[in-house]
Enquirer: 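Here it is: the structure, laid out below.
Throughout, protein chains are lettered first and strands after them, A, B, ... in sequence-line order, and every chain is numbered starting at 1.
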2 protein chains.
Amino acid sequence: MAKSTSPAKPKRVRRDRKDEILEKATALFGEYGFQGATLARIAEATGLTEPGVLHYFPSKVHLLQGVLEYHDRKEVERYSGMLQKEKKSVFEILKLHEGVLIEEQKTPGLIQLFVVLVGESVRSDHPSHDFFVERYRRVREMYVEQFLRMNQPRFRRDVNPEELTTLILAVVDGLQIQWLLDPQKVDVQAAFELFSKMVAGYMSE
Amino acid sequence: MAKSTSPAKPKRVRRDRKDEILEKATALFGEYGFQGATLARIAEATGLTEPGVLHYFPSKVHLLQGVLEYHDRKEVERYSGMLQKEKKSVFEILKLHEGVLIEEQKTPGLIQLFVVLVGESVRSDHPSHDFFVERYRRVREMYVEQFLRMNQPRFRRDVNPEELTTLILAVVDGLQIQWLLDPQKVDVQAAFELFSKMVAGYMSE
DNA sequence: AATTATTTACCTAGCACTAGTTAGGTAAGA
DNA sequence: TCTTACCTAACTAGTGCTAGGTAAATAATT
């Protein structure tokens, strides 16, 4: 009786809860790293108990994987959409990248997630090591292909696309680290613009 | 009696032991991070028990601080010696930097120590947070001063030394991350050389 | 439509470890 | 005799995870 009028706890649907956990876990992994964030805190943040969380993700490692896939999917979509539209000049690509960099500063938790985890996962036995190795390879390939598509006139002959890609990714990561450590003292946008100008200057020489 | 001929356990002197612990701790913090490396393992590696280690460093955090200071001291010496010799061109400085980068690849444990710890210490409550903030500020200042010392003809007017410094440090950190994750796929030297050429080209434009 | 069976969404209790740290001791060297 | 350099033992506070339960939602069967 009294079905729809019942004020009892409104049970969530599976889909909702899973995403909820994923989001809280993102924030906490980002803040404390994988090892530092405890299941207890994640559970608490979600309003569940530890076994409650483990009902959805059979282990902490599974949860981490869930978090990584969750955000990676979104990011890849954005990046590939960004890159594959039309063959652009290197400078255009960097401009787009700059936009992403700046936009990302609005969600420091997410940047932090990746910076903290990439640091931890330098160890080859870390649960997200393979993920990051794969990820960098994939992203590098994406860029290289893009660079190869824009031929001679726009691309200086003696520039190796792989090296350029590695360099761009390094700049992005390195800037984010410095910014996270000391937001007031580091002007990410300015530094990246300088970089863009250097690249553009060099490429069109 | 029987002093020098005694085969009994040769008690170490304080100085020796401390450095010994510091070196083992460096390796283990580098491999597992601060949270991941346990006192037990550090003690074991040194041939002591846990309280044995704590006899020299009152807590794990103190030990971490010891490790950081220990290596920072060495590094600062090297860098400042490198920079302050004579007023060089930007390109020369980058060339020196490249040498350091390559040399450092022989001691991946040490690179890893800093990459892993800098990731962890992005959190403002991490025991080495302040250290890294300080460190980056210090290093940036050192570079900026150096850049300011070499005036007009060598230094392009519209380049902000702070931005350039931030960028250089970002490149170094970012390259190291990619290299640690996937040593075979990332050519640090090539990427850094490309960067140097871009900088040199831009500065002398 | 009512009843039963099954699945889903959790919870409580607790295990099996591991962590850093402390207390208090012993034995060698200064 | 006092300090230094350790050790053994043990405590405390977590850690991820399991076992086993309960109650609601849903599906199946009458």
Side-chain angles (χ1 to χ4, degrees), chain A residues 1-25 28-29 31-67 117 120 123 125-128, chain B residues 1-22 24-25 28-29 31-67 117 120 125-128:
Chain A
M1 305 89 199
K3 285 170 298 188
S4 51
T5 53
S6 161
K9 7 176 167 175
K11 282 231 169 171
R12 301 303 195 93
V13 192
R14 185 173 187 118
R15 195 74 250 135
D16 284 9
R17 270 284 193 232
K18 246 191 152 172
D19 282 5
E20 218 174 310
I21 295 172
L22 247 19
E23 255 155 66
K24 298 295 182 186
L28 289 168
F29 283 147
E31 217 181 322
Y32 301 103
F34 173 68
Q35 306 170 44
T38 66
L39 269 183
R41 290 181 87 125
I42 295 167
E44 190 198 344
T46 326
L48 295 178
T49 60
E50 288 178 62
V53 171
L54 292 176
H55 173 67
Y56 293 93
F57 301 91
S59 78
K60 197 189 176 189
V61 169
H62 283 88
L63 176 56
L64 173 66
Q65 248 121 35
V67 166
L117 283 183
E120 276 187 354
R123 294 164 39 196
D125 64 329
H126 192 278
S128 57
Chain B
M1 305 94 198
K3 287 171 296 188
S4 52
T5 53
S6 161
K9 7 178 170 176
K11 282 231 168 171
R12 301 306 193 93
V13 191
R14 181 166 190 119
R15 192 79 248 133
D16 285 7
R17 269 288 192 228
K18 247 191 152 171
D19 282 5
E20 219 174 309
I21 295 171
L22 246 19
K24 298 297 183 185
L28 289 168
F29 282 149
E31 218 179 320
Y32 302 103
F34 172 68
Q35 308 171 42
T38 67
L39 266 185
R41 288 181 88 123
I42 294 167
E44 189 197 344
T46 326
L48 295 177
T49 59
E50 289 179 60
V53 171
L54 292 176
H55 173 66
Y56 294 93
F57 301 91
S59 79
K60 197 189 176 187
V61 169
H62 283 87
L63 176 55
L64 173 66
Q65 248 122 33
V67 166
L117 284 184
E120 276 186 356
D125 64 330
H126 192 278
S128 57

Enquirer: Report the residues that fulfil side-chain hydrogen bond (donor to acceptor under 3.5 Å, both in side chains) with Thr38(B), sequence neighbours left out, ordered by chain and then residue number.
Expert: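 By the side-chain hydrogen bond (donor to acceptor under 3.5 Å, both in side chains) rule, Thr38(B) matches no residue at all.
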Enquirer: Rounded to whole angstrom units, what separation is found between the CG atom of Leu63(A) and the P atom of dT15(D)?
Expert: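 Value for this atom pair: 15 Å.
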Enquirer: Nearest 0.5 Å, what's the CD1-CD distance between Ile42(A) and Glu23(A)?
Expert: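 Between atom CD1 of Ile42(A) and atom CD of Glu23(A) there are 13.5 Å.
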Enquirer: Just how far, in rounded Å, is C1' of dC6(D) from NE2 of His55(B)?
Expert: 7 Å
Enquirer: Distances under 3.5 Å between protein N/O atoms and the N/O atoms of nucleotides 17-23 of chain C, please, pair by pair.
Expert:
from: dG20(C); atom 1: OP1; to: Lys60(B); atom 2: NZ; distance (Å): 2.6
from: dG20(C); atom 1: OP2; to: Leu39(B); atom 2: N; distance (Å): 2.9
from: dT21(C); atom 1: OP2; to: Lys60(B); atom 2: N; distance (Å): 2.8

Enquirer: Would you say Glu44(A) has more than 12 foreign heavy atoms packed within less than 6.0 Å of its CD?
Expert: no
Enquirer: Nearest 0.5 Å, what's the CG-OH distance between Asp19(A) and Tyr56(A)?
Expert: 11.0 Å
Enquirer: Quick one: is Arg17(A) getting a side-chain N or O under 4.0 Å of the dC10(C) phosphate, OP1 or OP2?
Expert: yes
Enquirer: Would you please confirm or rule out a distance under 4.0 Å between OP1 or OP2 of dT8(C) and any side-chain N or O of Tyr56(A)?
Expert: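 False: Tyr56(A) side-chain N/O out of range (4.0 Å or more) of dT8(C) OP1/OP2.
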Enquirer: Quick one: Phe57(A) CZ to dC10(C) C1', roughly how many Å, whole number?
Expert: 15 Å
Enquirer: Expressed as a whole number of angstroms, how long is the span from Lys18(A):NZ to dC10(C):C1'?
Expert: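 Answer to the nearest Å: 15 Å.
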Enquirer: Nearest whole Å is fine: how far is dT8(C) C1' from Leu48(A) CG?
Expert: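 Spelled out: CG on Leu48(A) to C1' on dT8(C) is 14 Å.
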Enquirer: With sequence neighbours left out, write down each residue that passes salt bridge (Lys or Arg N to Asp or Glu O under 4.0 Å) with Arg41(B), or none if nothing qualifies.
Expert: none
Enquirer: Just the rounded figure in Å: distance from C1' of dC11(C) to CD of Glu44(A).
Expert: 16 Å
Enquirer: Can you find a heavy atom in the side chain of Phe34(A) that is under 4.5 Å from one in the side chain of Val61(A)?
Expert: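 Phe34(A) reaches Val61(A) side chain to side chain.
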Enquirer: Choosing from dT8(C), dC11(C), dA5(D), which nucleotide comes nearest the side chain of Thr49(A)?
Expert: dC11(C)
